[in-house]
Trainee: 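I am attaching a structure below and will ask some questions about it afterwards.
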Amino acid sequence: MQQKSAADRFAPLFILTAGAMWGSMGLFVRVLGKIGCSSFEIVFLRSIVTAICLFLVLAVRDRSLFRVRLRDLWCFFGTGVLSIVFFNLCYFTTIRLSSLAVAAVLLYTAPAIVIVLSAILFQEKITSRKLVALILTLVGCICVSGMLSGDSAMTLQGFITGLGAGLGYALYSIFGRFALERGYRSFTISFYTFLFASIGTIPFISMNNIRRAVTTSPSQTGLVVLYGVFTTVLPYILYTRGLQGVENGQAAIIASVEPVVATILGTVIYHEMLSLYEVIGIVLVLGAIVISNGKSPAEETGRIRKTVKKTA
């Protein structure tokens, strides 16, 4: 029998860790917002720090990882501009037009979009296990968002841009999979993703604000670098690497631990009280992760049969 490599066995853990790191992003965003950075300037700082860090890593570690074929650049345009930039543009617009609760709920339509697109583009099966995990994830995210405990005004434009945010969020898994299938490593994909994202964000920012945010004090410079490394460099490398051992739909569900971590950090650091709905939502999302990471007896039997046929 063929055994999974150690890296593939740890793929769900890679993705779970990436989601947890993304969940810490709000801590940095709050601080950067207080020093005068707009939403897109925060996105630019995140992208450019990531691109620079990965450039240095690749330059020292293996310069061959810079090599990409011109005909494959659309993959990185997809992960960088159509995913990272488009997602942020839609998400921030939704927040402005409606509420954080509505924006969060619409954003986490992403796992459903990933599952459907992956079934169409990569012939990934939509199993009953995925459907159960997906339903638990969506309900859990609704609970965590606080939408059930308050009034949420929603406009048609806000609804459309919210779905656009979910689509943009989902597209990283789709374009990232295309890049992986063309033989690119996770470091290469992450570097070009954020190089494209940095360029795509430039029209929306003020360079004077960026300069002020980075050079005002050594502590602010350190904060910006830590923000880029901890919430972007490491998690995107881990997530992209995890995609090599986990299907897109499963990865999207596992990464939904992000709002759970964000909620827990808000409670611990900012003393934000958890409601009953939020506690239920956390339990549901964690349950979805456990379900999506397991295999039913039928699925395991099918896997064993395939392995036996290959080795016969």
Side-chain angles (χ1 to χ4, degrees), residues 1-25 79 83 108 110-119 122-141 144 169-181 184-187 189-190 193 230-264 281-304 306-307:
M1 284 189 186
Q2 290 181 340
Q3 298 292 327
K4 281 187 175 182
S5 69
D8 286 344
R9 287 198 300 272
F10 285 110
L13 180 60
F14 292 158
I15 293 170
L16 188 68
T17 304
M21 287 181 167
W22 285 327
S24 71
M25 197 184 313
T79 55
S83 177
Y108 279 92
I113 296 171
V114 171
I115 287 174
V116 172
L117 289 178
S118 295
F122 305 110
Q123 289 74 54
E124 290 184 5
K125 291 182 179 179
I126 302 179
T127 63
S128 58
R129 183 176 291 274
K130 280 185 183 178
L131 286 176
V132 171
L134 179 60
I135 291 170
L136 289 177
T137 297
L138 292 176
V139 174
C141 288
V144 170
Y169 195 68
L171 286 178
Y172 184 83
S173 292
I174 302 303
F175 285 106
R177 175 71 69 185
F178 278 123
L180 285 170
E181 291 186 348
Y184 294 108
R185 303 278 293 278
S186 58
F187 274 100
I189 296 170
S190 297
T193 291
F230 192 78
T231 71
T232 315
V233 176
L234 295 178
Y236 271 94
I237 289 173
L238 288 169
Y239 186 85
T240 306
R241 179 63 187 85
L243 285 176
Q244 295 178 18
V246 170
E247 289 186 342
N248 286 350
Q250 183 185 356
I253 292 170
I254 295 173
S256 296
V257 73
E258 178 184 344
V260 173
V261 172
T263 301
I264 293 173
I282 289 173
V283 172
L284 289 176
V285 173
L286 293 177
I289 291 170
V290 172
I291 290 172
S292 69
N293 195 36
K295 288 186 180 294
S296 67
E299 291 171 328
E300 185 63 22
T301 300
R303 184 191 69 78
I304 293 172
K306 288 180 182 178
T307 303

Trainee: Would you check, one step at a time, whether the test side chain to side chain donor-acceptor pair (under 3.5 Å) holds for Y239 with S190?
Mentor: CA-CA 10 Å; Y239 186 85; S190 297; over 6 Å; no

Trainee: For the backbone of E124 and the side chain of E247, can you confirm whether one donor and one acceptor N or O come within less than 3.5 Å of each other?
Mentor: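 Not at all, since once roles are kept as given, no pair shorter than 3.5 Å links the two residues.
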
Trainee: Is a side-chain donor or acceptor of S24 paired with a backbone partner of M21 at a separation under 3.5 angstrom?
Mentor: yes

Trainee: Please report the closest heavy-atom contact between V261 and A20, naming both atoms and the distance.
Mentor: CG1-O, 3.5 Å

Trainee: For residues L134 and A112, report the shortest heavy-atom separation together with the two atoms involved.
Mentor: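 Closest heavy-atom pair between L134 and A112: CD1-N, 3.5 Å.
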
Trainee: Can you list everything that forms a ring-ring contact (aromatic ring centres under 6.0 Å, His included) with F178? Sequence neighbours excluded, please.
Mentor: W74, F122

Trainee: When I15 is tested against each of I254, V257, L238 for side-chain contact (heavy atoms from CB on, under 4.5 Å), which residue passes?
Mentor: I254

Trainee: After noting the C-alpha distance and the side-chain angles of T79 and T193, does the key distance pass the side chain to side chain donor-acceptor pair (under 3.5 Å) rule?
Mentor: CA-CA 5 Å; T79 55; T193 291; 2.6 Å; yes

Trainee: Just how far is it from atom CD1 of I189 to atom CG of L243, taken to the nearest 0.5 Å?
Mentor: 8.0 Å

Trainee: To the nearest 0.5 angstrom, please state how far the CG atom of L284 sits from the CD1 atom of I291.
Mentor: 9.5 Å

Trainee: Out of curiosity, F187 CZ to T240 OG1, how far, rounded to the nearest 0.5 Å?
Mentor: 10.5 Å

Trainee: Donor-acceptor pair, K130 side chain versus I253 backbone, under 3.5 Å?
Mentor: no

Trainee: CD1/I113 to CG/N248 distance, rounded to the nearest 0.5 angstrom?
Mentor: 13.0 Å

Trainee: Rounded to the nearest 0.5 Å, what separation is found between the CD atom of E181 and the CD atom of Q244?
Mentor: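 If I round to the nearest 0.5 Å, the distance is 11.0 Å.
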
Trainee: Evaluate the side-chain proximity of P235 to T17: yes if any heavy-atom separation is below 4.5 Å, no if none is.
Mentor: no

Trainee: If I compare all heavy atoms of V246 with all of A11, which pair ends up nearest, and what's the gap?
Mentor: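 Scanning both residues, the minimum pair turns out to be CG2-CB, 3.6 Å.
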
